[in-house]
Amino acid sequence: MELPLRAALLGSLLLCCAGLTKGLKITSTEQPMVEKAQGEKVTLPCTFTVSPEDQGPLDVEWVLIPIDNQKKEQTIIMYSVDRIYNNYYEAMNGRVQFTNPDPKSGDGSIDILNLKSTDTGTYQCRVKKAPGVESQKIQLTVLVKPARTKCYIEGSQETGRDVTLKCVSEEGSPLLSYNWRKLTGTEELPATSLLNKDTGELSLKNASEEYSGTYSCVAANRVGTDDCFVVLNVTPPINTAGTIAGAVIGTLLGLFLLAFLVFCCCKKRKEKKYEKEVHHDIREDVPPPKSRSSTAHSYIGSNRSSLGSMSPSNMEGYAKTPYNQVPSEDFERRSGQNPNFPPSKYDLAYKIHDITVV
């Protein structure tokens, strides 16, 4: 007897609840998940119908349900008593609006402009018109398109070596996939290439000159693509021994030239210093030369004094002494000079034997 009674009571309760929502009904097609790219616009639908039984005021409210159950729901926009309130959620101020300015017409859909990745979440539309109450949830996912994709080469670009072409996007929502293709030559990837679409690496084994060319990498996810380019130039190995020998010889020549320049500079500086010292000694340390006249007078005076003290018998040794030989190196006439001697102070002269005395 208890089971049939409980079933009857539950049936009555369901009929009662169904009566409350009998008139009000959300008619928009349910979309459990919507994906959009960052920067785009999205419309979250919420259309409804009411019946004469729904006599209360119309309220349309949109809330953001957080992933964390410990946090409270956040109202983002509301229509109540013929007024719109859209300043509840600061992060969406100026970016959320009702699609129809008059939700009483039965359209409570909203537009979110300039989507951001932080707008990802579960949104719920709640329509109230007493005694009816209806709601509908939509999961919005905002994806970021691949952007700032870069291509580069890793490894030596020499024949016979292994080289890897790498591709990576600095922006973009997962799951990102990468695809490489060759744009020049045969426009086909080398037979030895190995592509990893998840990491964007294209490995080329035992590279040859035929591998050279322009390669393109395309990064993609569900909302967009981005690409980049790289040029591969495979060349024969460089003669490293010759390069090293040339570098050594060049270095030695450079050092030799530098040493030669330093030697020349030092020698030039020493010569200039020596010239300055010699010039300075001549000007300051060497006394001026004696005049020819004073030397001659002193010599003649000394001879006269010696002659005066000698007797005629003692002057025989002086008979052959020439007058013009004066034993003084200051008295010698320099080449190219013709000095003018002053006139003699004595006009009288007499000769003793072969010597003339003034």
Side-chain angles (χ1 to χ4, degrees), residues 33-43 67 91 95 112-121 139-254:
M33 182 174 291
V34 176
E35 290 184 349
K36 285 290 182 177
Q38 181 174 262
E40 294 183 351
K41 164 190 168 183
V42 65
T43 298
I67 300 176
R95 296 194 299 118
I112 302 178
L113 312 176
N114 190 21
L115 284 171
K116 300 180 180 180
S117 58
T118 54
D119 295 337
T120 298
Q139 175 66 39
L140 173 64
T141 302
V142 180
L143 301 175
V144 180
K145 295 179 181 179
R148 299 166 63 186
T149 305
K150 295 181 179 180
C151 296
Y152 59 97
I153 301 174
E154 189 176 87
S156 176
Q157 300 183 49
E158 296 181 354
T159 55
R161 298 290 188 91
D162 295 342
V163 62
T164 303
L165 308 185
K166 291 192 174 184
C167 177
V168 61
S169 293
E170 296 184 4
E171 296 180 8
S173 298
L175 299 168
L176 284 173
S177 64
Y178 299 92
N179 190 31
W180 282 93
R181 60 193 182 97
K182 191 178 181 184
L183 303 180
T184 57
T186 60
E187 296 187 2
E188 294 182 359
L189 294 178
T192 61
S193 63
L194 181 62
L195 173 62
N196 188 329
K197 291 188 175 183
D198 295 331
T199 62
E201 295 184 2
L202 178 66
S203 300
L204 304 177
K205 303 294 184 180
N206 192 22
S208 64
E209 295 185 21
E210 289 75 15
Y211 291 5
S212 300
T214 302
Y215 291 77
S216 169
C217 172
V218 178
N221 61 9
R222 295 195 296 271
V223 293
T225 62
D226 191 34
D227 56 9
C228 62
F229 304 89
V230 68
V231 177
L232 177 65
N233 185 23
V234 181
T235 57
I238 301 174
N239 186 1
T240 56
T243 303
I244 295 174
V248 171
I249 293 174
T251 303
L252 293 177
L253 289 177

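Here the structure is a predicted model, which means the values were calculated and not measured.
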- Residue pair Asp119, Arg95: steps toward the salt bridge (Lys or Arg N to Asp or Glu O under 4.0 Å) verdict: CA-CA 11 Å; Asp119 295 337; Arg95 296 194 299 118; 2.9 Å; yes

- Sulfur to sulfur, is the gap between Cys217 and Cys228 shorter than 2.5 Å? no

- Pair Thr186, Glu188: side-chain N/O donor-acceptor within cut-off below 3.5 Å: no

- Query: At what distance, to the nearest 0.5 angstrom, does CD of Glu35 lie from CG of Leu140?
  - Reply: 9.5 Å

- Task: Taking all non-hydrogen atoms of both residues into account, name the closest pair between Ser156 and Val163 and its distance.
- Result: O-CB, 4.2 Å

- Short side-chain to backbone donor-acceptor contact, Ser173 and Val144, under 3.5 Å: yes

- Query: Which heavy atom in Cys151 sits nearest to a heavy atom in Cys167, and how many Å separate them?
  - Reply: SG-SG, 4.3 Å

- Is there side-chain contact between Pro237 and Thr159, with at least one heavy-atom pair below 4.5 Å? yes

- Note on the structure: In short, Asn233 meets Gln157 closest at the heavy-atom pair N-OE1, 2.9 Å

- Message: Check whether Ser216 reaches the backbone of Phe229 with its side chain - one donor and one acceptor, N or O, closer than 3.5 Å.
- Response: no

- Message: Using only atom types and a distance under 3.5 Å, with no angle test, would you say the side chain of Thr184 pairs donor to acceptor with the backbone of Thr214?
- Response: yes

- Say whether, by atom type as modelled, one donor and one acceptor occur between the side chain of Ser212 and the main chain of Val234 under 3.5 angstrom. yes

- Query: Less than 4.5 Å apart, any side-chain heavy atom of Leu113 and any of Lys41?
  - Reply: yes

- Residues at least two apart in sequence or cross-chain that pass side-chain contact (heavy atoms from CB on, under 4.5 Å) with Glu187, listed by chain then number, are none

- Tell me, please, which residues at least two apart from Asp227 pass side chain to side chain donor-acceptor pair (under 3.5 Å). none

- Note on the structure: Note: Leu204 and Ser193 closest approach over all heavy atoms is CD2-CB, 3.4 Å

- So, do Pro236 and Glu209 sit near enough that their side-chain heavy atoms are less than 4.5 Å apart? yes

- Message: For Leu175, I'd like to know if atom CG has over 12 heavy atoms of other residues, nucleotides or ligands within 6.0 Å.
- Response: no

- Could you list the residues that satisfy side-chain contact (heavy atoms from CB on, under 4.5 Å) with Lys145, not counting sequence neighbours? Ala37, Glu40, Val223

- Between Tyr211 and Thr192, does any side-chain donor sit less than 3.5 Å from a side-chain acceptor? yes

- Task: Might you work through the side chain to side chain contact (heavy atoms under 4.5 Å, CB included) test for Trp180 and Val230, ending with a clear yes or no?
- Result: CA-CA 11 Å; Trp180 282 93; Val230 68; 3.8 Å; yes

- Item | OG1 on Thr120 to CG on Leu143, rounded to 0.5 Å | 7.0 Å

- Task: Look only at the side chain of Tyr178 and the backbone of Leu202, and say whether a donor-acceptor pair between them is shorter than 3.5 Å.
- Result: no

- Task: Go through the steps to decide whether Lys166 and Thr164 satisfy the test side chain to side chain contact (heavy atoms under 4.5 Å, CB included), and finish with yes or no.
- Result: CA-CA 6 Å; Lys166 291 192 174 184; Thr164 303; 4.0 Å; yes

- Can you name the closest pair of heavy atoms from Asp162 and Lys205 and give their distance? OD1-CA, 3.3 Å

- Over all heavy atoms of both residues, which pair between Lys182 and Gly213 is shortest? Give the atoms and the distance, please. CE-CA, 4.3 Å

